[in-house]
Amino acid sequence: MADDRLIVALDFHTMEEVKDLVGRLGDSVSTYKVGMELFYSVGSESVIWLKEQGKKVFLDLKLHDIPNTVASGLCSLLDLGADMLNVHAGGGFTMMKTAADRLHAEAEKRGVPCPKLIAVTVLTSISQEEWDDLGFAQNVQIKSIAVRFAKLAQKAGLDGVVASPHETELIHEGCGSDFLVVTPGVRPEGSSVGDQSRIATPAAALKAGASHLVVGRPIRQAVDPVKAANDIIKEMEQVNK
Ligand code: C5P
């Protein structure tokens with residue numbers, strides 16, 4: 001049985017690469033993330049093909065625009081059958097609430113399951129130094145912003161957030177354990193950090209309360225991606241669900 005808490009990021013630009021990796025990982029991975037690179041390259045085919053293979057899909061397009069545009073955009077994605085969609089919490093409470101309300105209403109109208117809707121808090125690639133450079137407010141820790149965004153997302157009716165493993169515990173305390181915390185920035189011991197900043201190992205992220213782990217390069221760029229995925233799955237098994 002695959003561990004649904006692992007989401008493998010398919011940051012490719014061709015379906016050949018997608019089919020190769022998904023085929024190699026077989027039944028050991030149930031859930032995949034389609035992000036901008038793949039969706040902008042091949043479009044809907046990526047999600048439709050994964051659903052045909054019986055996989056779950058997190059369609060990570062991180063919508064960030066005015067409320068009506070985001071809500072309409074999400075409704076346009078409904079027919080693809082993705083299991084999870086997301087927006088940027090930085091778009092504000094009204095944007096998130098309009099998005100959640102319209103998505104639920106539209107799914108009900110069409111008689112299709114409503115995907116989980118989550119909000120990106122602060123990108124896992126942003127360091128405290130880079131955050132300070134943005135100049136929003138002086139001496140504000142990323143952690144407290146992530147928790148603030150998570151509470152706003154929950155109030156707006158969203159199902160969870162994307163956050164770094166560093167903020168997961170505080171978000172759990174503030175929003176309760178049913179609120180999803182999807183964590184990218186996951187790096188097994190010894191793997192390359194790349195452009196990520198606020199990272200943790202798979203076990204540490206789960207122990208901090210992550211509901212799902214998003215892992216891309218540590219699997220995709222491994223010499224043996226199947227072994228890399230299985231090692232992560234083994235590490236995850238050590239942490240209770
Ligand atoms: O390769 P890596 O494991 O760093 O991939 C992480 C994935 O998660 C990428 O597809 C990236 O777009 C996504 N992501 C992230 N940080 C966020 C939200 C999404 O890294 N805050």
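Only this structure's heavy atoms are used, side chains among them; waters, hydrogens and symmetry mates stay out. Residue numbers run from 1 in the order of the sequence given.
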* Asked: Does any N or O in the side chain of Thr69 come within less than 3.5 Å of the main-chain N or O of Asp65, such that one atom is a donor and the other an acceptor?
  -> no
* Side chain His13, main chain Ser41, donor-acceptor under 3.5 Å -> no
* **Joint hydrophobic cluster, Leu117 plus Leu63, side-chain heavy atoms closer than 4.5 Å** => yes
* Asked: For Ile142 and Ile126, which heavy atoms make the closest approach, and how far apart are they?
  -> CD1-O, 3.6 Å
* Run the salt-bridge test on Arg220 and Glu17 with the 4.0 Å N-O cut-off and return the result as yes or no. => no
* State whether Asp11 and Arg217 are salt-bridged, where the test is any N-O pair (Lys NZ or Arg NE/NH1/NH2 against Asp/Glu carboxylate O) under 4.0 Å. => no
* Asked: Taking atom CG of Asp133 as the centre, does the number of heavy atoms from other residues, nucleotides or ligands within less than 6.0 Å exceed 12?
  -> yes
* Asked: If you look at every heavy atom in Leu21 and Pro225, which pair is closest and at what distance?
  -> CD1-CB, 3.8 Å
* Counting N and O atoms only, with roles assigned by atom type, does the side chain of Glu106 sit under 3.5 Å from a partner on the main chain of Leu78, one being a donor and the other an acceptor? -> no
* Could you check if a side-chain atom of Leu25 sits within less than 4.5 angstrom of a side-chain atom of Tyr32, using non-hydrogen atoms only? => yes
* **4.5 Å side-chain heavy-atom contact, Asp159 and Phe179** => no
* Can you hop from Phe93 to Phe149 via hydrophobic side chains spaced under 4.5 Å? -> no
* Closest approach of Ala100 and Gly157, non-hydrogen atoms and distance? -> CB-O, 4.0 Å
* To do: Could you check if a side-chain atom of Ile232 sits within less than 4.5 angstrom of a side-chain atom of Ile219, using non-hydrogen atoms only?
  => yes
* **More than 12 heavy atoms of other groups within 6.0 Å of Lys207 NZ** => no
* Step by step, work out the side-chain hydrogen bond (donor to acceptor under 3.5 Å, both in side chains) result for Arg187 and Ser192. => CA-CA 7 Å; Arg187 290 291 179 269; Ser192 152; 6.0 Å; no
* Structure fact -> Heavy-atom nearest pair, Ala153 first then Ala119, reads CB-CB, 4.0 Å
* Asked: If Ile, Leu, Val, Met, Phe, Trp and Tyr residues are connected whenever their side-chain heavy atoms lie under 4.5 Å apart, and connections chain through other members, are Val182 and Leu38 in the same group?
  -> no
* Any side-chain heavy atom of Leu158 within less than 4.5 Å of one from Val161? -> no
* To do: Give a yes or no on whether the backbone of Cys175 and the side-chain of Gln154 come within a donor-acceptor separation of less than 3.5 Å.
  => yes
* Do Ser125 and Asp195 pass the side-chain hydrogen bond (donor to acceptor under 3.5 Å, both in side chains) test, and can you show the C-alpha distance, the side-chain angles, and the key distance before you say yes or no? -> CA-CA 6 Å; Ser125 55; Asp195 60 353; 5.7 Å; no
* Start with the C-alpha distance between Val87 and Val120, add both sets of side-chain angles, then the distance that settles side chain to side chain contact (heavy atoms under 4.5 Å, CB included), and finish with yes or no. => CA-CA 6 Å; Val87 299; Val120 179; over 6 Å; no
* Any donor and acceptor pair, going by atom type alone, linking the side chain of Thr98 with main-chain N or O of Thr94 inside 3.5 Å? -> yes
* Hydrophobic cluster membership, Leu59 vs Tyr40, 4.5 Å side-chain cutoff -> no
* Quick one: CG on Leu134 to CD on Glu130, what's the gap to the nearest 0.5 Å? -> 6.5 Å
* Mark yes when over 12 heavy atoms from residues, nucleotides or ligands other than Arg110 sit less than 6.0 Å from its CZ; otherwise mark no. => yes
* Which is it for Ile233 and Ser28 under the side chain to side chain contact (heavy atoms under 4.5 Å, CB included) test, yes or no, and what are the steps along the way? -> CA-CA 8 Å; Ile233 293 164; Ser28 50; 4.1 Å; yes
* Nearest-0.5 Å distance, CD of residue Gln196 to CG of residue Leu123 -> 9.0 Å
* To do: Quick one: pull up CG in Leu170 and NZ in Lys151 and give me the separation to the nearest 0.5 Å.
  => 9.0 Å
* Asked: Is the shortest distance from a Lys or Arg side-chain nitrogen in Asp83 or Lys56 to a carboxylate oxygen in the other one below 4.0 Å?
  -> no
* To do: Give a yes or no answer on whether the side chain of Lys143 reaches the backbone of Val147 with a donor-acceptor pair at less than 3.5 Å.
  => no
* **Closest heavy-atom pair and its distance - Leu6, Met236** => N-CE, 3.7 Å
* Can you tell if the side chain of Ile66 reaches within under 4.5 Å of the side chain of Val70, non-hydrogen atoms only? -> no
* Asked: Around atom NZ of Lys51, are there more than 12 heavy atoms of other residues, nucleotides or ligands at under 6.0 Å?
  -> yes
* Quick one: does Pro165's side chain get under 4.5 Å of Ile199's, heavy atoms only? -> no
* Close side-chain approach of Phe58 and Asn86, heavy atoms under 4.5 Å -> yes
* Asked: Do we see a donor-acceptor contact under 3.5 Å between the side chains of Thr201 and Glu189?
  -> no
* Structure fact -> The reported gap from OG1 in Thr121 to CD1 in Ile171 (rounded to nearest 0.5 angstrom) is 5.5 Å
* **Closest contact, heavy atoms only, Ala210 versus Thr168** => N-CG2, 3.3 Å
* In the single-linkage hydrophobic clustering (I, L, V, M, F, W, Y; side-chain heavy atoms under 4.5 Å), do Met36 and Val57 co-cluster? -> no
* To do: Show your reasoning for whether side chain to side chain contact (heavy atoms under 4.5 Å, CB included) applies to Leu80 and Phe39.
  => CA-CA 12 Å; Leu80 297 181; Phe39 201 76; 3.9 Å; yes
* To do: Determine whether Ile145 and Trp131 make a side-chain contact, defined as any pair of heavy atoms from C-beta on separated by less than 4.5 Å.
  => yes
* **Identified side-chain contact (heavy atoms from CB on, under 4.5 Å) partner of Pro184 from the options Val162, Ile7, Val215** => Val162
* Intermediate values then yes/no, side chain to side chain contact (heavy atoms under 4.5 Å, CB included), Arg102 and Ser72 -> CA-CA 8 Å; Arg102 291 255 308 270; Ser72 304; 2.8 Å; yes
* To do: Give the intermediate values and the outcome of salt bridge (Lys or Arg N to Asp or Glu O under 4.0 Å) for residues Arg198 and Glu167.
  => CA-CA 9 Å; Arg198 303 185 334 276; Glu167 292 102 44; 2.9 Å; yes
* Rounded to the nearest 0.5 Å, how far apart are CZ of Arg5 and CG of Leu206? -> 5.0 Å
* **Distance, nearest 0.5 Å, that separates NZ of Lys116 from NE2 of His212** => 9.0 Å
* To do: Check Asp224, Asn230, Asp231 against Lys227 for a side-chain hydrogen bond (donor to acceptor under 3.5 Å, both in side chains) and give me the one that passes.
  => Asp231
